[in-house]
Amino acid sequence: MYMYHKTKSYRVFYVFNLTFLLVTSLVCLLPIIHVLSVSLSSASAAGANMVSLWPVGFTLESYKQTLGNSAYISAFGISAIRVVLSVSLGMLVTVLTAYPLSKIDSGGLKGGKFFAWYFVFTMLFSGGLIPAYILIQRLGLMNSIWALVLPGLVVSWNIILMLNFFRTIPRELEEASLMDGGGHLTTLFRIYVPVSLPAIATISLFIAVGQWNAWFDGLIYISEQHKWPMSTMLQALIALPLQSNLGTITGEDAANFSERTIKSAKIFIGALPILAVYPFLQRFFINGIVVGAVKE
Amino acid sequence: MAKKNTVLYLMLIPGILLTFIFNYLPMGGLIIAFQKFKPWLGFTGSPWVGWDNFRLMFEREDSLQVIGNTFAIAGLKMLSNLVVPIVFALLLNEVRQMFFKRAIQTLVYLPHFLSWVILGGILLDMLSSQGLINGMLLPVFGIDRPIQFLGDGNWFRAVVVASDTWKEFGFSTIVFLATLAGINPAWYEAAEVDGASRWKQTLHITLPSMIPIITVVGTLSLGNILNAGFDQIFNLYNPLVYDKGDIIDTFVYRIGVLSGQFGLGTAVGLFKSFVGLVMIVTAYRLAYKLANYRIF
């Protein structure tokens with residue numbers, strides 16, 4: 001207990017500060033609450049802009065329609081497959097790459113610096129959009145889910161996070177395993193991976209969220225709309241019609257009446273997986289990012 | 001022993017191959033910046049045009065404007081994304097009730113994980129002339145006409161910077177909070193004995209302790225000087241605000257992928273990647289010099 005806690009000016013500051021912080025953090029939630037409220041409102045109330053932060057004329061109609069929309073459900077499934085493929089294959093490549101690179105300092109990997117720079121350079125420089133687009137065309141990956149998965153499997157930043165974590169593992173564990181006749185692969189998967197589960201969970205979360213949210217690759221690499229992942233579908237659905245109207249949607253436009261609640265329901269369901277995993281993994285990512293970012 | 005180390009190199013192969021295909025091959029594809037590239041003629045058949053595409057880039061009014069916009073928007077974002085998280089971390093650090101602290105953190109980190117498709121959809125809706133924000137502002141300020149948040153260039157820039165800060169400030173506080181938590185309590189106790197107020201302690205202990213991490217985060221953000229945020233702009237902009245809101249990435253997409261001017265598009269992209277490379281290398285050197293920061 002510090003002395004200054006008792007001074008009057010600090011107490012006044014404390015009350016204002018806490019109020020300010022609470023209001024600010026609620027502002028972070030406001031758009032989600034708004035979209036949820038619209039999605040749960042009656043079509044006429046939403047179309048007439050009567051809904052702000054609480055549903056008006058509560059109904060689940062928009063959710064019934066959205067969940068009955070087979071195109072939407074299938075896009076949801078494609079996104080799920082994409083996430084599973086990217087997390088599993090991406091994590092496999094990440095640990096396989098990070099393990100040898102974590103041995104550079106101990107001299108276990110000759111020429112390791114070269115390989116480290118090989119990966120780091122991709123963080124510094126890239127071919128950009130158009131060469132990547134031509135590459136996917138030439139590889140014949142257009143309209144394939146692999147066009148969405150393969151380019152994102154190696155993320156150098158994740159490899160760095162992983163290898164920084166591997167370095168904190170006591171060498172004795174590795175030596176004991178090698179003594180017992182286990183090779184490096186055994187050591188990696190029997191010792192390193194189980195010990196690194198928090199870091200693996202963190203990186204998996206980052207991959208999963210990134211893949212779930214990715215939409216642009218779907219837009220340019222996939223022309224058959226029934227193969228679009230959820231985010232690409234949402235992007236086409238939401239942004240384009242509203243943009244062409246420039247927000248000057250007239251209240252009379254009857255078509256918009258039911259559109260708006262359904263759009264909101266689609267947005268909310270699209271965000272739901274992230275909202276759902278978020279609280280459970282929060283502590284992991286805080287640990288993970290601090291380990292990777294501010295290393296002593 | 002030698003045989004065992006071979007395994008280490010084998011482990012690197014998947015990562016090296018994927019990186020070669022999806023990162024280094026597109027870099028090779030950058031040669032089309034020096035060609036009048038026609039997809040049916042390919043890399044070897046397309047005619048070489050030297051620096052013509054770059055000359056064109058610096059002659060066209062729209063591409064110059066786009067470069068200017070990119071610097072302006074990215075610069076404003078960098079500043080805002082540095083100052084706001086520092087202030088927020090300082091204020092949050094004063095909160096002593098763990099429950100509130102945790103709750104605030106949970107809420108402010110959330111928007112970071114939502115995609116610009118989702119947030120763009122919600123923002124377009126909220127900021128339209130009939131939307132929630134205009135609905136709240138009009139009566140309060142007695143304005144007779146709705147504000148064209150997304151139809152006026154200057155408002156658009158303000159919306160882009162403010163909404164990006166809103167999305168990222170919480171997550172950016174993590175690294176500052178970690179630093180604050182690491183400050184030696186003995187210093188505060190000593191200041192306490194000397195009768196220093198909390199404000200004085202902040203000025204003379206807290207802020208000086210944060211200077212290294214502020215330097216690191218600030219200099220490293222220089223690497224993003226041409227990353228004005230493709231996802232965000234693409235999901236919010238429209239032809240009315242191209243003069244103030246169009247950026248390099250959206251421009252490259254429109255002239256390259258949509259209009260098929262591969263050469264010019266790649267040249268603009270290469271310009272961006274090159275400036276980005278120079279900035280990142282400079283930033284890392286600066287961060288190393290000023291704060292002894294190393295990525296490995």
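The sequence lines fix the lettering, A, B, ..., with proteins before strands; numbering per chain opens at 1.
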Notebook entry, point to check: Mind checking whether A:F115 and B:L8 have side chains closer than 4.5 Å, heavy atoms only?
Noted result: no
Check: Highest number of heavy-atom pairs under 4.5 Å with chain A: which of B:F262, B:F169, B:F22, B:W116?
Finding: B:F22
Notebook entry, point to check: What is the distance from atom CZ of B:F234 to atom CG of A:L219, rounded to the nearest 0.5 Å?
Noted result: 5.5 Å
Check: Do you know which of B:I104, B:L18, B:L127, B:N23 has the most heavy-atom pairs under 4.5 Å to chain A?
Finding: B:I104
Next item on the list: Grab the two heavy atoms, one from B:Q105 and one from A:Y278, that are nearest each other, plus how far apart they are.
Entry: O-OH, 4.1 Å
Check: Is there a side-chain contact between A:I32 and B:L114, using heavy atoms and a 4.5 Å cut-off?
Finding: yes
Check: So do the side chains of A:F125 and B:I280 get within less than 4.5 Å of each other, counting heavy atoms only?
Finding: no
Check: Hey, does A:H34 have a side-chain heavy atom less than 4.5 Å from the side chain of B:D125?
Finding: yes
Check: What orientation do A:F216 and B:F230 show, parallel under 30°, tilted 30 to 60°, or perpendicular over 60°?
Finding: perpendicular
Check: Where does B:I32 contact chain A at under 4.5 Å (heavy atoms): side chain, backbone, both or neither?
Finding: side chain
Note to self: Is B:F20 in contact with chain A via its backbone, its side chain, both, or neither, using a 4.5 Å heavy-atom distance?
What the structure shows: both
Item checked: Note, A:L275 side chain near B:L110 side chain (heavy atom, < 4.5 Å) -> yes
Note to self: I'd like to verify something: which residue of B:Y24, B:F100, B:F88 has the highest number of heavy-atom pairs under 4.5 Å with chain A?
What the structure shows: B:Y24
Notebook entry, point to check: Which bit of B:P146 comes within less than 4.5 Å of chain A, counting heavy atoms only: side chain, backbone, both or neither?
Noted result: neither
Item checked: Contact check, side chains of B:E94 and A:L21, non-hydrogen atoms, under 4.5 Å -> no
Next item on the list: Working to the nearest 0.5 Å, report the span between CG of B:L25 and CD1 of A:I134.
Entry: 12.5 Å
Check: Between atom CD1 of B:I16 and atom OG1 of A:T97, what is the distance when rounded to the nearest 0.5 Å?
Finding: 8.0 Å
Next item on the list: For B:P26 and A:P131, work out which heavy atoms get closest and say how close.
Entry: O-CB, 3.2 Å
Checklist line | B:Y9 to A:K110 - nearest heavy-atom pair and separation | finding: OH-O, 2.6 Å
Notebook entry, point to check: With only heavy atoms counted, which part of B:Q201 is less than 4.5 Å from chain A, the side chain, the backbone, both or neither?
Noted result: side chain
Notebook entry, point to check: If you take all heavy atoms of A:V154 and B:G15, which pair is closest and at what distance?
Noted result: CG2-O, 3.9 Å
Margin query: If we define contacts as heavy-atom pairs under 4.5 Å, which of B:L270, B:I13, B:D231 has the most with chain A?
Written below: B:D231
Note to self: Counting C-beta onward and ignoring hydrogens, is there a side-chain heavy-atom pair between A:N213 and B:V117 closer than 4.5 Å?
What the structure shows: no
Checklist line | Side chain / backbone / both / neither for B:L132 at chain A, heavy atoms under 4.5 Å | finding: side chain
Notebook entry, point to check: Which heavy atom of A:G127 sits nearest a heavy atom of B:M27, and at what distance?
Noted result: N-CG, 3.9 Å
Checklist line | Closest non-hydrogen atom pair between A:R138 and B:F37, with its separation | finding: NH2-CZ, 4.2 Å
Checklist line | Any side-chain heavy-atom pair of B:I21 and A:L150 under 4.5 Å | finding: no
